[in-house]
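In what follows, residues are counted from 1 in the order of the sequence shown. First listed ligand is number 1; within each ligand, the first listed atom is number 1. This one's a predicted model, so the numbers in the text were calculated from it and none came from an experiment.
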Amino acid sequence: MRVDVVTIFPDYLAALDLSLVGKARRAGLLDLRVHDLRDWTADRHRTVDDTPFGGGAGMVMRPDVWGRALDDVLPEPGADVTGHLVVPTPAGEVFTQRHAEALAREEHVVLACGRYEGIDARVVEHARSAGHRVSELSIGDYVLNGGEVAALVMIEAFGRLLPGVVGNPHSLVEESHGAAGLLEYPVYTKPPSWEGLEVPEVLLSGHHARIDRWRRDRALARTAARRPDMLRVLEVDSLDAADLAVLAELGWVVDDGRLRTVAE
Ligand code: JDH
């Protein structure tokens, strides 16, 4: 897979030399190139921004500079390789595992990292009219200073899904099982006693059926406490009688094929 990142802070992307993504690059599974947007400026000061039309605070990134950069980095429309432009923005759809899965299937992804108040809106419009697929995505409801950290998040999320990147594909299969269902149960390792805290006895028992039940109960309790939104959309057919009993203890009941709290 080919990935290009365009940014005024190429050093931000240095972390992509490390860990799993770095290994994927060295193994030739990921051809990742980071570009300095200022290479496409045309003035002595290498200007990339200007004041916003209509007024307001801050600066906006110029469309002409971005246009030249993307013309060079995106594949020619109609080429045998198709490109997908990803623009991290606080005004985007929320990036999820579904987006990561779709991007991992692409041949070529270009990430355009903005700064200041963002990129002139005509850049996205122009890329779409040229026939490119464009996704404006946000990594969550908090404010960053630019798109670089969001690009890192997205590349790590789709990079680990590329065939051959994660050592044991079984872990990916196991992951997709739980995905969009329940939060994970808590995990423990040695030593069994640490700082006066004990690993739950059941996990040392070797009793696999009881261990599975305990993990399922912890996952249900955690999800109810931290992510009630996930319980509300859960497929109730995926729940057994023991699940429903635990959920009832926590104040959740099935109503018209969906879970809801007894209070509502
Ligand atoms: C790309 C520039 C900085 C900061 C205006 C927006 C009030 C606009 N999840 C995410 N958070 N932030 C980003 C992100 C931020 C970026 C750029 C991505 C390019 N910036 C910037 C503030 C505003 N602000 C929030 N409103 C509630 C107005 C740009 C991001 C992603 N992905």
Side-chain angles (χ1 to χ4, degrees), residues 1 3-16 19-21 30 32-41 45-74 83-106 108-128 132-161 179-180 226-227 229-230:
M1 179 184 194
V3 175
D4 291 270
V5 182
V6 184
T7 168
I8 60 167
F9 293 120
D11 293 347
Y12 242 109
L13 286 298
L16 296 173
S19 188
L20 216 73
V21 171
L30 181 63
L32 176 69
R33 306 179 197 187
V34 181
H35 311 269
D36 186 341
L37 178 70
R38 291 193 203 275
D39 291 349
W40 286 276
T41 54
H45 296 110
R46 312 226 292 163
T47 309
V48 295
D49 61 330
D50 213 322
T51 53
F53 279 124
M59 301 293 271
V60 173
M61 296 189 105
R62 292 177 58 102
D64 50 353
V65 179
W66 272 108
R68 285 191 293 273
L70 296 179
D71 274 352
D72 281 354
V73 163
L74 279 165
H84 192 145
L85 176 64
V86 174
V87 184
T89 163
E93 287 179 24
V94 176
F95 177 77
T96 64
Q97 192 65 18
R98 304 291 87 72
H99 293 98
E101 288 162 3
L103 290 173
R105 289 191 289 266
E106 295 284 0
H108 189 180
V109 171
V110 175
L111 287 126
C113 301
R115 281 268 147 180
Y116 316 110
E117 298 300 305
I119 304 171
D120 185 301
R122 291 169 292 181
V123 172
V124 159
E125 212 185 312
H126 180 258
R128 284 208 179 99
H132 299 293
R133 277 165 309 138
V134 182
S135 299
E136 296 179 272
L137 301 173
S138 161
I139 61 163
D141 291 343
Y142 34 79
V143 183
L144 305 173
N145 285 329
E148 288 77 11
V149 167
L152 284 174
V153 167
M154 293 177 197
I155 293 166
E156 182 154 320
F158 69 69
R160 62 192 292 285
L161 301 178
R226 301 175 183 177
R227 293 294 304 275
D229 58 306
M230 288 171 75

Point to revise | ligand 1 contacted by D141 (non-hydrogen, < 4.0 Å) | key: no
**Study point:** Criterion side-chain contact (heavy atoms from CB on, under 4.5 Å) against V86, the qualifying member of L103, V134, V110
**Key:** L103
Top protein contact for [atom], by heavy-atom distance:
{"atom": "atom 21 (C) of ligand 1", "result": "Y116 O, 3.5 Å"}
{"atom": "atom 9 (N) of ligand 1", "result": "G140 O, 2.9 Å"}
{"atom": "atom 22 (C) of ligand 1", "result": "V143 CG1, 3.5 Å"}
{"atom": "atom 1 (C) of ligand 1", "result": "P88 O, 3.2 Å"}
{"atom": "atom 5 (C) of ligand 1", "result": "E117 OE1, 3.9 Å"}
{"atom": "atom 14 (C) of ligand 1", "result": "P90 CD, 3.3 Å"}

Where [X] and [Y] come nearest, the two heavy atoms and their spacing:
{"X": "H99", "Y": "V94", "answer": "CE1-O, 3.1 Å"}
{"X": "A112", "Y": "W66", "answer": "CB-CZ3, 3.5 Å"}
{"X": "E117", "Y": "A57", "answer": "CG-O, 3.6 Å"}

Point to revise | All side chain to side chain contact (heavy atoms under 4.5 Å, CB included) counterparts of R46, not counting sequence neighbours | key: D36, R38, D39, T41
Study note, to complete from the structure: In terms of its nearest heavy atom to atom 19 (C) of ligand 1, the top option of A151, G56, G114 is G114
Review point. Considering only heavy atoms, which of V94, L144, V86, V153 lies nearest to atom 4 (C) of ligand 1?
Key: L144
Check your understanding: Any Lys/Arg nitrogen of E125 or R128 sitting under 4.0 Å from an Asp/Glu carboxylate oxygen of the other?
Key -> no
Check your understanding: Would you say H84 and S135 make side-chain contact, with heavy atoms under 4.5 Å?
Key -> yes
Practice item. Find all atoms of ligand 1 within a distance of less than 4.0 Å from any non-hydrogen atom belonging to I139, and give their numbers and elements. Key: 9 (N), 31 (C), 32 (N)
**Study point:** Contact atoms of ligand 1, heavy-atom distance to A150 under 4.0 Å
**Key:** 31 (C), 32 (N)
Review point. Heavy-atom distance from atom 26 (N) of ligand 1 to the protein below 4.0 Å?
Key: no
Exercise for review: Return yes when at least one protein heavy atom is under 4.0 Å from atom 17 (C) of ligand 1, and no when none is.
Suggested key: yes
Review point. Hey, mind stepping through M59 and T51 against side chain to side chain contact (heavy atoms under 4.5 Å, CB included) and telling me if it holds?
Key: CA-CA 5 Å; M59 301 293 271; T51 53; 3.8 Å; yes
Review point. Can you check whether R115 has an N/O within less than 3.5 Å of an N/O in ligand 1?
Key: no
Check your understanding: Within the structure, does Y142 bring an N/O atom to less than 3.5 angstrom of an N/O atom in ligand 1?
Key -> yes
Could you pull out every donor-acceptor pair under 3.5 Å between side chains of residues 145-159 and any protein atom, sequence neighbours left out?
{"residue": "E148", "atom": "OE1", "partner": "R115", "partner atom": "NE", "Å": "2.9"}
{"residue": "E148", "atom": "OE1", "partner": "R115", "partner atom": "NH2", "Å": "2.9"}
{"residue": "E148", "atom": "OE2", "partner": "T7", "partner atom": "OG1", "Å": "2.6"}

Practice item. Ignoring hydrogens and angles, tell me if any N or O in the side chain of S138 forms a donor-acceptor pair with the backbone of G140 under 3.5 Å. Key: yes
**Study point:** Heavy-atom donor-acceptor pair, H126 side chain to V123 backbone, under 3.5 Å
**Key:** no
Check your understanding: At a non-hydrogen distance cut-off of under 4.0 Å, which region of F95 contacts ligand 1 (side chain, backbone, both, or neither)?
Key -> neither
Point to revise | Residue portion contacting ligand 1 (non-hydrogen atoms closer than 4.0 Å) for L137 | key: backbone
